[in-house]
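Owing to the predicted nature of the structure, the values given are computational and were not obtained by experimental measurement. Scope of the values below: all heavy atoms of this structure, side chains included, with no hydrogens, waters or symmetry mates. Counting begins at 1 with the first residue of the sequence.
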Amino acid sequence: MFPEGIERGMKAGTVLSSWKAVWVVLSEDGIEFYKKKTDHSPKGMIPLKGATLISPCQDFGKRTLVFRITTDKKQDHFFQASHVEEREFWVKDIKRAITCLQGGKRFARKSTRRSIRLPETVNLVELYTLMRDQDDGVKELKLEQQNRVFNHCFTGATVVDWLISKDKARNRPEALMLATGLLNEGFLQPAGDLAKEGAESAEQTAFLDETMALYYFADSGFFCEGYSSDEDVIVKEEFRGNIIKQGCLLKQGHKRKNWKVRKFILRDDPAYLHYYEPSKGDDPLGSIHLRGSVVTAVEYVPDAKKHDIDGNLFEIITSDEVHYFFQAATGEERKDWIKAIQAVSKSGK
């Protein structure tokens, strides 16, 4: 929820340094945090006038996604984002809010629509739905670039051409403006190095009208492959399935038993759950074959201390008896993941 906030954050408790998922809202003069999104009254409020912000904060060792807010009364508050980009968005806006308070100005987060001057009549959700149409939308292709193969993607020039051909834009500058809006709102994602550089080069994300700039739909089956030294492209069978669900969860490691935020992508036919480092590239850290697996909600994890991890836990036991433990941000999110994984484990090959 970002006017001013984002969907959720992790906040450290003040007594046992336990971490709880909270819904956070950034206002003109403070940060309010709620137990869940639907709550009408906040659990607490952190005033930003006279506050300082440190990011990244090293107080928690390996928790690299933590930032610290110290109030004017020297009270420390710690928040942990799910990935680097999310942390940087928070840090940027909170620092700007603190600066505005110091200068007696009113803080208001910039609107993507206003910053690129999109007409109020433009409906980006509707436009994205048309682009995703299998018969008449933007065609997803397998494209090769720099010893890599990008599956389910398309070029920036293709998007601009499509917008003009469908009378969604009168010319290339206008089409580029629409495409930039779709990119900024997360409907389109940069795939190759050139597109990523364009997205990171300016204060406002830039979409590139080029045949070498690659993009993909946010909810597509996009994946990237590399060349083998003695073979053609390695086709990973496990990536062929449709994406059923994706999002961030805490996962317990198998060796050190520590917990880390990972991005998960659930695919069916074949049934796989891949997990990624949220702030890094397209290659997964690992995968879990779900065919014949069992997934259940649990109330505790044998090797975890209660003050380290607590609540919204679930376990996957694979067909070859490997146990994986996860924590969702909310009870509802845990329920959704369990339901989706159960369905895939029964239907996917």
* **Intermediate values then yes/no, side-chain contact (heavy atoms from CB on, under 4.5 Å), C248 and F264** => CA-CA 6 Å; C248 288; F264 289 86; over 6 Å; no
* To do: Could you check whether the rings of F314 and F326 sit parallel, tilted or perpendicular, using 30° and 60° as the cut-offs?
  => parallel
* For E32, what residues pass the salt bridge (Lys or Arg N to Asp or Glu O under 4.0 Å) criterion, not counting sequence neighbours? -> none
* Asked: Checking Q75 side chain against T71 main chain: does a donor-acceptor pair fall under 3.5 Å?
  -> no
* **Pair W259-V301, side-chain contact (heavy atoms from CB on, under 4.5 Å): steps then yes or no** => CA-CA 11 Å; W259 293 80; V301 175; 3.9 Å; yes
* Asked: Under the side chain to side chain contact (heavy atoms under 4.5 Å, CB included) test, which residues partner S293, sequence neighbours left out?
  -> L290, I316, S345
* Roughly how far apart are L48 CG and D29 CG, rounded to 0.5 Å? -> 7.5 Å
* Asked: Is E333 salt-bridged to K245, going by a charged N under 4.0 Å from an acidic O?
  -> no
* side chain to side chain donor-acceptor pair (under 3.5 Å) partners of N171, counting only residues at least two apart -> none
* Listed partners of D193 passing salt bridge (Lys or Arg N to Asp or Glu O under 4.0 Å), at least two apart -> R148
* Is it possible for you to say whether I341 and I244 belong to one hydrophobic cluster, with membership spreading through side-chain heavy-atom contacts below 4.5 Å? => yes
* **Pair I46-F79, side-chain contact (heavy atoms from CB on, under 4.5 Å): steps then yes or no** => CA-CA 12 Å; I46 303 169; F79 289 89; 3.6 Å; yes
* Structure fact -> Sequence neighbours excluded, the answer for side chain to side chain donor-acceptor pair (under 3.5 Å) partners of Q102 is none
* Cluster link V322 to W337, ILVMFWY, side chain under 4.5 Å -> yes
* Asked: Any chain of hydrophobic side-chain contacts (each under 4.5 Å) joining V160 to L124?
  -> yes
* Heavy atoms, side chains only, cut-off 4.5 Å: are L208 and E197 in contact? -> no
* **With H274 via ring pair (Phe, Tyr, Trp, His ring centres under 6.0 Å) - residues at least two apart** => F239, Y272
* **Interatomic distance, N242 atom CG to L266 atom CG [nearest 0.5 angstrom]** => 11.0 Å
* Structure fact -> Sequence neighbours excluded, the answer for salt bridge (Lys or Arg N to Asp or Glu O under 4.0 Å) partners of D135 is none
* Sub-3.5 Å donor-acceptor pair from the side chain of K139 to the main-chain atoms of Q134, do we have one? -> yes
* Quick one: do K142 and V149 satisfy side-chain contact (heavy atoms from CB on, under 4.5 Å)? Show the steps, please. => CA-CA 7 Å; K142 178 184 285 189; V149 176; 3.2 Å; yes
* Set of side chain to side chain contact (heavy atoms under 4.5 Å, CB included) partners for K339, sequence neighbours left out -> none
* To do: Indicate the atoms forming the closest heavy-atom contact of L188 with A179, along with that distance.
  => CD1-O, 4.3 Å
* Asked: Just wondering, more than 12 heavy atoms not from K73 lying within 6.0 Å of its NZ?
  -> no
* Hey, any chance F150 and L141 share a hydrophobic cluster, counting ILVMFWY side chains that come within less than 4.5 Å of each other, even indirectly? -> yes
* Any pair counted as ring-ring contact (aromatic ring centres under 6.0 Å, His included), so long as it reaches residues 157-196, sequence neighbours left out -> Y128-F187
* Contacts of T70 that satisfy side chain to side chain contact (heavy atoms under 4.5 Å, CB included) - sequence neighbours left out -> T52, R68, D76
* Point-to-point distance, once rounded to the nearest 0.5 Å, from CG of L178 to CG of L183 -> 12.5 Å
* Structure fact -> Sorted by chain and number, sequence neighbours left out, salt bridge (Lys or Arg N to Asp or Glu O under 4.0 Å) with K43 holds for none
* To do: Ignoring hydrogens and angles, tell me if any N or O in the side chain of E315 forms a donor-acceptor pair with the backbone of V295 under 3.5 Å.
  => no
* To do: Working to the nearest 0.5 Å, report the span between NE2 of H289 and OG of S319.
  => 7.0 Å
* Structure fact -> Which of Y216, F217, Y215 passes ring pair (Phe, Tyr, Trp, His ring centres under 6.0 Å) with F154? It is F217
* Asked: Does the side chain of Y324 come within less than 4.5 Å of T318's, by heavy atoms?
  -> yes
* To do: Any chance you could measure I338, atom CD1, to R334, atom CZ, to the nearest 0.5 Å?
  => 5.5 Å
* Rounded to the nearest 0.5 Å, what separation is found between the CD1 atom of I288 and the CD1 atom of I317? -> 12.0 Å
* Please say whether more than 12 non-hydrogen atoms of neighbouring residues, nucleotides or ligands are located less than 6.0 Å from NZ in K251. => yes
* So do the side chains of E210 and T155 get within less than 4.5 Å of each other, counting heavy atoms only? -> no
* Which residues satisfy the side chain to side chain contact (heavy atoms under 4.5 Å, CB included) test with I243, sequence neighbours excluded? -> Q246, I265, R267
* When you measure from the side chain of D268 to the backbone N and O of V344, does any donor-acceptor pair fall under 3.5 Å? -> no
* Are V122 and F207 connected in a single hydrophobic cluster, I mean Ile/Leu/Val/Met/Phe/Trp/Tyr linked by side-chain heavy atoms less than 4.5 Å apart? -> yes
